[in-house]
Amino acid sequence: MTNSTILLARHGLNREDRFSKTHVAFLTDSILQYPVEDWSDRRLIEWIQQVPFNDLPGREAMLDPSTNDLPYQSFDPYIRGIVRWLNSLDIATLSCCDGHGRGRASVTLKQLPSLEQWQMLNLALPHQMTMHLTRLTLQLDYRKSGFSSLLSLAERLYRLSEDRSYLHTLQLEQFKHRLLTWLDIPGVSKRERLVAMHLRNHLKSSTDFPYTDKQGNVLATIQCGVGPTVLLSAHMDTFESKDEHRTIFEDGTTLCSSSGTLGADDRAGITAILEVFDRVQNTNFSGTLKLAFTVQEEIGCRGAAGIDPAFIQDVDAAIVVDRRGTRDIVTACRNLIPFCPSNFGSLFEEAGRLAGMPDWQTTTNGGSSDAKVFAGFGIPSVNLSVGYMHEHTEHETVDYAATFETVALIESVLHHQLIPLRT
């Protein structure tokens, strides 16, 4: 897509509109008399407001887009693109207001969006903008993000209307912001309290029986039907304290810190598990999902070693998310201490193939991790790559696209119900 195409789309316009007899086509034809590449959002808004039209209904008219040509030119300037592309995505609208600079816009819908449409809208929402549905009215709060975020939302909706595969790009961007949030929370070994507090707040309203055990591990359960009990685990502590004045830089999908360790070991694991937790209800998984966020892993896996025994007594399998690199399924420590039978690791290779990632491979050359501890309790365990590299050094990085692929692998394991009950 060219820059001019995107600029037009932000305002509900499309180059192809000039080939049809509509109000929008008239607008686009008028604008395309001049080099669009030289335009800005502000100049485009001013131009649209000056284009004369006859027989336009009032600004507050309630129109059915399935039977009427919507008069976008008469709409508030920062909302017309959103309305245009909502209708293009089969989310029919009745009226709209951009909030006139007060930080809250609204779009009244003809009917409630489907679950798929609602999920798509949430993904399209720019960072720091919030959205609520009150009866049939979408309330868009842009007080933290500014007027331009309405145009950004229109751009994203346009991209979705052109190519639904753009959903993956939006999912990855949302995941990146989630990871950045966890990277920003300090929590060196023995000082994980702030991380634990954020986890408890996140889990308390959406899990069964969330609690902190005597060791300080944050534990939670979610019931998803009858079947195996699967433990997902990552550790809360980082190798060293976070530099309060650091900046996180992004190169493609790789993040690094301007000073000190990044902390992706193991905040990437925490983020991946929370993402799986949010998505598990959309899978075919039937069983119990348990979450364990442990303390003091970096100084000897002390949290996992002291975990509440009642919490893990019914666990059929443990998935630890704390391995460097990409697409490793660690099934043993240093080729000597097995975490599970070989056929258990093969289940994860099969999950990778089913998810279109056939290069996930088992390895027995892993390091010490909480997977070793859980295996010592008699629980078949694996430790999965989660995208970070050069941990424990100032050169630490994380590829959040790789982290997101770990989410997809775990989701595939659960969705295809590959983990058996332990006999």
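Because the structure is a prediction, the values reported are computed rather than measured.
The two residues Ser369 and Glu297 have their closest heavy-atom pair at CA-OE2, 3.7 Å. The two residues Ser189 and Glu192 make their nearest non-hydrogen contact at CA-OE2, 3.8 Å. Contact between Leu418 and Ala351 at its shortest, heavy atoms only, is CD1-CB, 3.7 Å. Considering all non-hydrogen atoms of both residues, Cys340 and Val382 come closest at SG-CG1, 4.2 Å. Scanning all heavy atoms of the two residues, the minimum distance from Ala105 to Ile79 falls at CB-CD1, 4.0 Å. Across all their heavy atoms, Asn217 and Ile307 have their closest contact at ND2-CA, 3.7 Å.
Under 3.5 Å, the side chains of Thr364 and Thr331 contain no donor-acceptor pair of N or O atoms. Side-chain polar atoms of Thr253 and Asp399 form a donor-acceptor pair below 3.5 angstrom. Under 3.5 Å, the side chains of Thr362 and Glu349 contain a donor-acceptor pair of N or O atoms. Checked by atom type, the side-chain pair Thr288/Gln223 shows a donor-acceptor distance below 3.5 Å. For the residue pair Asp370 and His235, no side-chain donor N or O sits within less than 3.5 Å of a side-chain acceptor on the partner. Residues Thr363 and Asn365 have side chains that never bring a donor and an acceptor to within less than 3.5 angstrom of each other. No side-chain N or O of His415 forms a donor-acceptor pair with one of Asn282 less than 3.5 Å apart. Counted by atom type alone, His127 and Gln174 present zero donor-acceptor pairs between their side chains at under 3.5 Å. For the residue pair Tyr158 and Asp163, no side-chain donor N or O sits within less than 3.5 Å of a side-chain acceptor on the partner.
The shortest side-chain heavy-atom distance between Ile312 and Ile379 falls under the 4.5 Å cut-off. Side-chain contact check for Thr221 versus Thr207: every heavy-atom pair is 4.5 Å or farther apart. Pro309 places none of its side-chain heavy atoms less than 4.5 Å from the side chain of Gln313. Contact check for Lys190 versus Arg302: side-chain heavy atoms found under the 4.5 Å cut-off. Residues Phe175 and Glu275 form a side-chain contact, since some pair of their non-hydrogen atoms from C-beta on lies under 4.5 Å apart. Side-chain contact check for Lys110 versus Ile91: every heavy-atom pair is 4.5 Å or farther apart. Under the 4.5 Å side-chain criterion, counting only non-hydrogen atoms from C-beta, Ser233 is in contact with Thr294. The shortest distance between side-chain heavy atoms of Asn14 and Leu8 does not fall below 4.5 Å.
Distance alone, capped at 3.5 Å, is enough to place a donor-acceptor pair between the Arg80 side chain and the Phe75 backbone. Not one N or O on the side chain of Arg267 forms a donor-acceptor pair closer than 3.5 Å with the backbone of Leu262. For the pair Thr283 (side chain) and Phe285 (backbone), a donor-acceptor distance under 3.5 Å is present. Between the side chain of Asn383 and the backbone N or O of Val330 there is no donor-acceptor pair closer than 3.5 Å. A distance-only check finds no donor-acceptor pair linking the side chain of Glu240 to the backbone of Val188 [under 3.5 Å]. Between the side chain of Asn343 and the main chain of Gly345, no donor-acceptor pair closer than 3.5 Å is present. Ser385 places a side-chain N or O within 3.5 Å of a backbone atom of Arg324 that can act as its donor or acceptor partner. Side-chain atoms of Arg164 never come within 3.5 Å of backbone atoms of Ser161 as a donor-acceptor pair (strictly under, hydrogens ignored). Judged purely by atom type and a 3.5 angstrom limit, Glu396 uses its side chain to pair as donor or acceptor with the backbone of Asp265. Formation of a donor-acceptor pair under 3.5 Å by the Thr137 side chain with backbone atoms of Leu133 is not found in this model.
To the nearest 0.5 Å, atom CG of residue Leu203 and atom NE2 of residue His198 are 12.5 Å apart. Taken to the nearest 0.5 Å, the CG atom of Leu13 stands 8.5 Å off from the CG atom of Leu7. Separating the CH2 atom in Trp182 from the OG1 atom in Thr271 is a distance of 7.5 Å, to the nearest 0.5 Å. Here the CD atom belonging to Gln119 is positioned 8.5 Å from the OG atom belonging to Ser114, to the nearest 0.5 angstrom. Here the CE-CG distance, from Met120 to Leu115, works out to 11.5 Å after rounding to the nearest 0.5 Å. Gln171 CD to Leu123 CG: the interatomic distance, rounded to the nearest 0.5 Å, is 5.5 Å.
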* List the steps, then state whether side chain to side chain contact (heavy atoms under 4.5 Å, CB included) holds for Leu150 with Asp98. => CA-CA 8 Å; Leu150 293 174; Asp98 68 9; 4.2 Å; yes
* With side-chain hydrogen bond (donor to acceptor under 3.5 Å, both in side chains) as the test, would you mind laying out the steps for Thr397 and Thr254 before giving the verdict? => CA-CA 7 Å; Thr397 63; Thr254 299; 5.9 Å; no
* Where do Tyr388 and Asp322 land on the side-chain hydrogen bond (donor to acceptor under 3.5 Å, both in side chains) test, with the steps shown first? -> CA-CA 9 Å; Tyr388 64 71; Asp322 184 28; 2.8 Å; yes
* To do: Could you check Asp41 against His11 for side-chain hydrogen bond (donor to acceptor under 3.5 Å, both in side chains), going step by step and ending with a plain yes or no?
  => CA-CA 8 Å; Asp41 285 318; His11 300 272; 2.8 Å; yes
* Intermediate values then yes/no, side chain to side chain contact (heavy atoms under 4.5 Å, CB included), Leu157 and Ile82 -> CA-CA 7 Å; Leu157 293 174; Ile82 294 174; 4.1 Å; yes
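Look at Lys290 and Asp314 and you find a salt bridge, because one of the NZ, NE, NH1 or NH2 atoms lies within 4.0 Å of a carboxylate O, short of that distance. Remark: Glu173 engages Arg156 in a salt bridge, criterion side-chain N to carboxylate O under 4.0 Å.
Relative orientation of the Phe147 and Tyr78 rings is parallel, given thresholds of 30° and 60° on the angle between their planes. In this structure, Phe344 and Phe348 have perpendicular ring planes: the angle between them is above 60°, well past the 30° mark.
The salt bridge (Lys or Arg N to Asp or Glu O under 4.0 Å) check on Asp328 picks up Arg323, with sequence neighbours excluded. Thr134 is linked by a side-chain hydrogen bond (donor to acceptor under 3.5 Å, both in side chains) to nothing, counting only residues two or more places apart in sequence or in another chain. Considering only residues two or more places apart in sequence or on other chains, Glu155 meets the side-chain contact (heavy atoms from CB on, under 4.5 Å) condition with Ile6, Arg10, Arg159.
When the shell of 6.0 Å around CZ of Arg353 is examined, it contains more than 12 heavy atoms from other residues, nucleotides or ligands. Surrounding CD of Gln139 are more than 12 heavy atoms belonging to other residues, nucleotides or ligands, all under 6.0 Å away. Annotation for Arg104: atom CZ does not count as buried by contact number, only 12 or fewer foreign heavy atoms lying within 6.0 Å. Around CG of Asn335, the count of heavy atoms belonging to other residues, nucleotides or ligands within 6.0 Å exceeds 12.
Here the rule is side chain to side chain donor-acceptor pair (under 3.5 Å) with Tyr400, and of Lys176, Arg178, Glu250 only Glu250 fits it.
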